[in-house]
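Beneath this line is the structure, given in C-alpha cells, with notes to follow.
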Amino acid sequence: MESQQERHIIEDGWVKRVRLTPPGLSDNTSDAERLVEGLKKELKTGEVTIDLLLLKKLPFLLREWDYRAGCVVLKDRGGWHVVGLFSLEQPDPPLGVAVDLGTSRVVIRLVSLLSGDVLGEDAFDNPQISIGPDILARVHYSEETTGLEKLNRLIIDGLNRNIENLGRSCGRNPDSIYLVSLAGNTTMTHLFMGLDPRWIIREPYIPVTNRPGMVRASDLGVAINPCGRIYIHPNIGSYFGGDLMAGILYSGMHTMEETAILVDVGTNAEVVLGNRNWLIACAGAAGPALEGGVTRMGMMAGPGVIDKVVIHPGEGTFELNTIGNATPKGICGSGLIDLAAHLFLSGMLDIRGKFDPGVCGARLKQAAGMPFLVIVPADQSATGQDLIVSQADIDSLIRSKAAMYTILETITASVGMLPRDLSTFYVAGTFGSYIDPASAISIGMLPDLSPGAFKVLGNSSLEGATQLLTRPGNLGEIDRIRDRITYLELNVNQAFMNRFSAAKFLPHTDPSLFPTVTAKRLG
C-alpha cells in the first residue's frame with residue numbers, strides 16, 4: 001500500500017521512490033548497483049552515482065527499510081547523484097532552501113522537496129554591511145590581507161545561523177536540507193564562494209566564473225546535510241547576476257510571444273527585454289537614489305520611514321504615510337519618488353528640478369547657500385530635527401531617474417522599439433513592491449504606460465530560486481535562458497550619454513513622451 005509520504009512526492013521533482021528486489025543467493029548484485037539500476041529506470045538516464053558518505057550507510061538503511069526508500073537525487077553537468085536516502089514512512093521530508101543573496105538584505109525560504117510546500121521564510125541584514133554598505137567598498141576591502149576571508153566568513157556564518165534558526169522554528173533539522181538554490185548578483189556570489197572579486201570592478205570587468213553551477217555545500221562551509229549541494233544561479237558578466245536569471249525564470253517572459261521588459265533596481269538598475277525568441281539585457285548605475293540612499297533623511301524601509309507622500313495642490317499641505325504609522329524619522333526610495341513627483345505636479349519644482357520660491361513659500365529655507373525644503377518640522381519628527389530635502393538631493397534623484405529612463409530608452413531602441421511600445425512591464429524587488437508607477441512616470445523615470453502594463457513581481461529572485469527546488473528541469477531552463485541573452489554594454493554607448501542629457505528634466509525635454517504628466521500638471 002502506498003504511504004502518505006509517497007503520495008506527496010512531486011512527480012518531476014528531486015525526490016524519487018524505489019522498490020528494489022532484495023538480494024538472494026541467485027541475485028548477488030551489490031547494494032549500490034541495485035539502487036543505481038532502480039534509479040536509472042526512474043530517471044531515464046544512464047548516469048547515476050552515489051555519494052561516498054551515503055555509500056557507507058547504504059547497506060544498513062536498505063535492509064532496515066526492506067529495500068524500499070525515498071532517494072534525493074541531484075543533477076549537475078556530470079549527471080545524477082544520490083545524496084540522500086529516507087524512509088517512506090518517516091514524517092520529516094527532505095528539504096531545500098531558496099536564498100535571495102542581496103547586498104543589503106538576505107531572504108531565505110524553507111521548502112519541502114517532497115511536496116513543494118513552503119514551510120517557512122525569514123530575512124536578515126547581510127552581515128557584510130559591517131564592512132561596507134555597497135559592493136564597491138566590499139571589493140576594495142577584499143583586497144586587504146584576510147579581507148576576502150572575513151567577508152566570506154561573515155556571509156557563510158550568517159547564512160548558517162539563520163538557516164538553523166528557521167529550521168528550528170519549523171521543527172526541522174539542517175541535516176534534512178539537501179539542496180540550496182542561491183541567487184545573487186555577481187559580486188555577492190563571488191564573496192559567498194570565496195572567489196576574488198577584484199577584476200569585476202576593473203576594465204574589462206571579468207568575473208572569476210559565470211557558471212558556478214552545483215557545488216558541494218561542505219566545500220563552502222554551509223551547514224546542511226554533509227552530502228548536500230548548493231546550486232548557484234549563473235550570471236552574465238559583472239553586472240547582470242544570478243538574481244536576474246532567477247527573476248526571468250519566475251516572470252516567464254522567456255516563454256511569451258509578446259515582448260516584455262523586466263526591471264530590478266538595487267545598487268544598479270538591471271534590465272532585460274525580450275520574448276520567447278530573444279532576450280537582451282543591460283545594467284547601469286541608477287539605484288542609490290532610488291533606494292533612498294541620497295538624501296540626508298534617506299534610509300532603508302522600516303518603522304517610522306516615510307514611504308508615501310501626497311501634496312494637496314493649492315493648499316501646500318503634505319500628507320505623509322510612515323511604515324507602522326510611527327512618527328517620521330526618514331524617507332525610503334518609494335517615498336522619495338512620491339515626494340519628487342508631487343513637488344513637480346504641485347509646481348514646487350520646475351521642469352529643471354529646481355525649487356520655485358514663490359510656490360514653496362515658508363517651507364523653503366537656505367543653509368550655506370543651498371536651498372532646502374522642510375518636509376517634517378522638528379517638533380513633528382522622531383529625530384527632534386527638521387526632516388528636509390535639499391536641492392542637491394533633488395539633483396541626485398534626477399540624475400538617477402534620468403539614468404533609469406535612459407537605460408530603458410537605450411535597450412528598447414537597440415531592437416527598434418520605444419519604451420511606450422511596451423505592453424508588459426515587470427518590476428521586481430523592493431523597487432517593484434513599493435513604488436507607485438504613477439509617481440515614477442510623473443518624474444520621467446518610467447515610461448508613460450497604462451497602469452495595467454505594470455506587473456509587480458515582488459522578490460522575483462527568491463521566487464525563481466524556489467522554482468528550482470521543485471523541478472530539476474529548471475536547471476536546463478536557466479542555462480537556455482542564459483545562452484539566449486545578448487548583453488548590451490552601456491559604458492561605451494555614446495547614444496546612452498546623448499539620451500541621458502535629455503532625460504535630466506522633469507519629466508523630460510520632450511513632453512510628448514509623457515502626455516498624462518503634461519495633462520496632470522495643466523489640470
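The first residue of the sequence shown is numbered 1, and numbering continues consecutively from there.
Using a cutoff of 4.0 Å between basic side-chain nitrogens and carboxylate oxygens, R168 and E164 are scored as salt-bridged. Taking 4.0 Å as the cut-off between side-chain N and carboxylate O, D196 and R198 count as a salt-bridged pair.
Side-chain atoms of T259 and N275 form a donor-acceptor pair, as typed in the model, at a separation below 3.5 Å. Side-chain contact annotation: D338 with S439, donor-acceptor N/O pair under 3.5 Å present. With hydrogens and angles left out, the side-chain atoms of D31 and Y67 include a donor and acceptor closer than 3.5 Å. The closest side-chain donor-acceptor pair between E149 and T146, if any, does not fall under 3.5 angstrom. Remark: the D243 side chain and the S461 side chain contain no N/O donor-acceptor pair separated by less than 3.5 Å.
Closest approach of L179 to Y231, counting heavy atoms only: CD1-N, 4.3 Å. The minimum heavy-atom distance linking I411 with L273 is given by the pair O-CD2, 3.6 Å.
When each of I108, L166, V111, L462 is paired with E121, the side-chain contact (heavy atoms from CB on, under 4.5 Å) condition holds for L462 and for no other.
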Distance-only criterion, 3.5 Å: show the donor-acceptor pairs between side-chain atoms of residues 213-224 and protein atoms not counting sequence neighbours.
residue : atom : partner : partner atom : Å
R216    : NH1  : D51     : OD2          : 2.9
R216    : NH2  : D51     : OD1          : 3.3

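Classified by interplanar angle (parallel below 30°, tilted 30° to 60°, perpendicular above 60°), the ring pair F454/F425 is tilted.
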Open item on the list: Determine whether T322 and K329 satisfy the following criterion, side chain to side chain contact (heavy atoms under 4.5 Å, CB included), listing intermediate values before the conclusion.
Closed with: CA-CA 9 Å; T322 63; K329 65 178 182 180; over 6 Å; no
